[in-house]
Amino acid sequence: MTKSRYNKISEARFRKLFDDTQTMSIQGYSADGAVVYWNAASEKIYGYSTSEALGRSIYDLIIPHNMHNEVEQAVAWMFEHQQGIPPARLNLKHKDGSMVPVYSSHTVVALPNDEPIMFCMDADTRSLEMAEAEVQRLSYYDPLTDLPNRRLMLERIASMMRSVKGEHSVAALLIIDIVNFHSINESLGYSSGDRVLVHCAKSLQQFASSADDLARLGKDEFVILLPCTAPSFDAAAAEAEQLATQIIAELETPLMLENNTHQLGACVGITLFQCPSSLPSDELVRQADIALQMAKSSNTKVISFFDREMESTVKERLQLSQALNHAVEHQEFALALQPQVDAQQQVIGFEALLRWQHPTLGAISPNDFIPIAEATGSIIDIGDWVLEKSCETLVQWEARSTCKHLKISVNVSPVQFRLGDFIKRVQSTLERTGANPSNLRFELTESLIADNIDFIVTQMQSLRRLGISISLDDFGTGYASLAYLTRLPLDELKIDRAFVDNLEQQSKGALLAETIISLGRSMNLSVIAEGVETNKQFERLQNMGCEYFQGYLFGKPQAEVEDYLPR
Ligand code: C2E
Ligand code: CA
Ligand code: CA
């Protein structure tokens, strides 16, 4: 490249750089103080556009009256020595009369055959200060929710430890996890996910005793510090548990998103500690997190306190949850079908039960992996897979005249059911496979009913409009109150195995089984008993008025059920 071409390019490049810079005002002046160059950022800082400024004097534009002499001398010195003076902080004048604090550097450029030019480069120090504050904010606050982040919370805990005195010296740390968050993110997209997080952050604010005591830890995890307000561990535990219960109730309030109501849930892990504590802040957060993992994995508890034994259990779960993420694509699942019969032992349908063959750990019980899949959200994909396989099986049977009437009962997790787009997913599986919805039955568990009842009812009605019937699984074990039961659009009650196990004369199980059966019949629901293992149980249940039966007596769950199909 020739030297002149090189110069031309680099001049163009520098010129563009000067013109485009957003934060630095660059002005060029001739020796008499007239403007010969004025970039766009100068307009931002001083208010004059390039065309307004060109040709006018620096003293008219930006130098305040009381600085005229001083500046004139400095400018003369620079042109004489053809070099700049040291940079300085100055207060210069804006077009609107206000003062602009700038950090100003200067240089004189003198090219051969050209008049020398003095360049001033001014940065508005207010925007620098703002930028510094912004950097500070970003490193301590979460940009989405504006809550303190993990780092600030760790510092807050440490400073609380340092300042604590007096007898109230037990504190608690609560980590809150939004149970349905993964599913919402997955089915509605990240912007809906973000809205959910902002909503949760707002809801949680009322539970923190000061703004510093609530932080966003990570994705869908928040932490609340209950500062040293309790005199003993017992008192702190009671206080923390009550707070956690209120938080969960608040977060369970249904939420409108994309025209659907969504039901969120929450789990809370808690650790208690004496102040000052010998443990560092991040160890305390880790303990609360382990307690949280326990709560997430439990079917029954949504609040859990940290203790030492938890640690190894949590490690195993983590391993399983990672393996579960890929189990669908690695084709590690299979469906087992267990026959359901009538009083004549004629097969009327099957329950679909999921089986997982882990490549190294072998067969893992659904009782162990379903709760994990629910906690991580992978139940959504898994549930879709179960439904799809069940529908495919129905389609095969529908092609055979002797099997057309057979039903399949599919277990649906509350996590799936609470999704606003659950109905749409079901509908598209039905369309894709061509299965007859009237042969499909969904088993929902009683625990679902602890949730917002109106939403549950609407969701159930939509399923029934599609032609799918609904069974209430594990009936009698949980929350369902009779008042709720009568509001649900159900087709079937399923008596839990626990009652069937316990059917000797006059036992509590017998009494409950009898009550459930007559209740179901009075509500016009069909009643099925599960876990029937002996002829004695079968007879007793029949005498009580039970119509349908499932259990090892009639067949175990198995992959190949050809022998059970009617001919
Ligand atoms: P569940 O819905 O109550 O299913 C009945 C369980 O009882 C099944 O255990 C079944 O194998 C077992 N069982 C059936 N008859 C007898 C019997 O006569 N005696 C005894 N001792 N047990 C009997 P399984 O297959 O281990 O499933 C356990 C639980 O896992 C299920 O309980 C259900 O809650 C869940 N699950 C299974 N498959 C799915 C699925 O596809 N989706 C969801 N969300 N959950 C599933
Ligand atoms: Ca079931
Ligand atoms: Ca059951």
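Every number for a ligand or one of its atoms is a count from 1 in the order of the listing. Model, not experiment: these values are computed from the prediction.
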Record the part of [X] in heavy-atom contact with ligand 1 below 4.0 Å; permitted values are side chain, backbone, both and neither.
| X | result |
| --- | --- |
| Glu351 | side chain |
| Val386 | side chain |
| Ser413 | both |
| Arg355 | side chain |
| Leu353 | both |
| Thr445 | neither |
| Leu553 | neither |
| Gln338 | side chain |

| task | Please test Asn436 against Ser438 for side chain to side chain donor-acceptor pair (under 3.5 Å), starting from the C-alpha separation and ending with a verdict. | result | CA-CA 5 Å; Asn436 179 358; Ser438 63; 2.9 Å; yes
| request: Would you name the heavy atoms of Val410 and Ser390 that are closest together and state the gap between them? | output: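 Taking every non-hydrogen atom into account, CG2-OG, 3.5 Å.
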| said: side chain to side chain donor-acceptor pair (under 3.5 Å) for Gln558 and Tyr564? Distances and angles first, verdict last. | reply: CA-CA 11 Å; Gln558 48 212 307; Tyr564 291 96; 3.0 Å; yes
Output the list of atoms in ligand 1 that are nearer than 4.0 Å to some heavy atom of [X], sorted by atom number.
| X | value |
| --- | --- |
| Gly551 | 15 (N), 18 (O) |
| Gly531 | 16 (C), 17 (C), 18 (O) |
| Asn367 | 28 (C), 29 (C), 30 (O) |
| Val532 | 18 (O) |
| Glu533 | 17 (C), 18 (O), 19 (N), 20 (C), 21 (N) |
| Asp474 | 3 (O) |
| Asp473 | 2 (O) |
| Pro557 | 11 (O) |

| With side chains defined as the heavy atoms from C-beta onward, is the minimum distance between Phe417 and Ile423 less than 4.5 Å? |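 No - every pair of side-chain heavy atoms lies 4.5 Å or more apart.
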For the Ca ion (ligand 2), does an N/O/S atom of [X] lie at less than 3.0 Å?
| X | result |
| --- | --- |
| Asp473 | yes |
| Ser471 | no |
| Asp474 | no |

| request: Using the side chain to side chain donor-acceptor pair (under 3.5 Å) rule, take Glu351 and Ser409 through it: C-alpha gap first, then chi angles, then the decisive distance, then the call. | output: CA-CA 5 Å; Glu351 177 175 3; Ser409 292; over 6 Å; no
Basic-acidic side-chain contact under 4.0 Å: [X], [Y]:
| X | Y | result |
| --- | --- | --- |
| Glu283 | Arg286 | yes |
| Asp177 | Lys296 | yes |
| Glu547 | Lys494 | no |
| Asp491 | Arg441 | no |
| Arg151 | Asp142 | no |

| Can a non-hydrogen atom of Lys494 be found less than 4.0 Å from any atom of ligand 1? |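 The answer is no, since Lys494 has no heavy atom less than 4.0 Å from ligand 1.
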| Does Glu514 reach the main-chain N or O of Met544 with its side chain, forming a donor-acceptor pair under 3.5 Å? |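 Checked: no pair found.
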| request: From atom 13 (N) of ligand 1, work out which of Arg497, Glu530, Gln550, Gln416 has a heavy atom at the shortest distance. | output: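 Looking at heavy atoms only, the winner is Arg497.
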| request: For the Ca ion (ligand 2), find the closest N/O/S atom belonging to Glu351 and write down its atom name. | output: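 Nearest N/O/S atom: OE2.
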| message | The test is side chain to side chain donor-acceptor pair (under 3.5 Å); show your working for Glu530 and Gln550 and say whether it passes. | response | CA-CA 5 Å; Glu530 73 180 352; Gln550 178 182 342; 5.0 Å; no
| query | Would one find an N or O of Leu354, backbone or side chain, under 3.5 Å from an N or O of ligand 1? | reply |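 Right, the criterion is met.
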| query | Can you give the angle Asn411 OD1 - the Ca ion (ligand 2) - Glu443 OE1, rounded to 10°? | reply |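 Result: 90°, to 10°.
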| Should the ring pair Phe549 and Phe554 be called parallel, tilted or perpendicular, given that the plane angle runs from 0 to 90° and is split at 30 and 60? |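 Tilted, since the angle between the ring planes falls between 30° and 60°.
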| About how many Å separate CG of Asn439 and NZ of Lys404, when rounded to the nearest 0.5 Å? |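 Atom-to-atom, Lys404:NZ and Asn439:CG are 10.0 Å apart.
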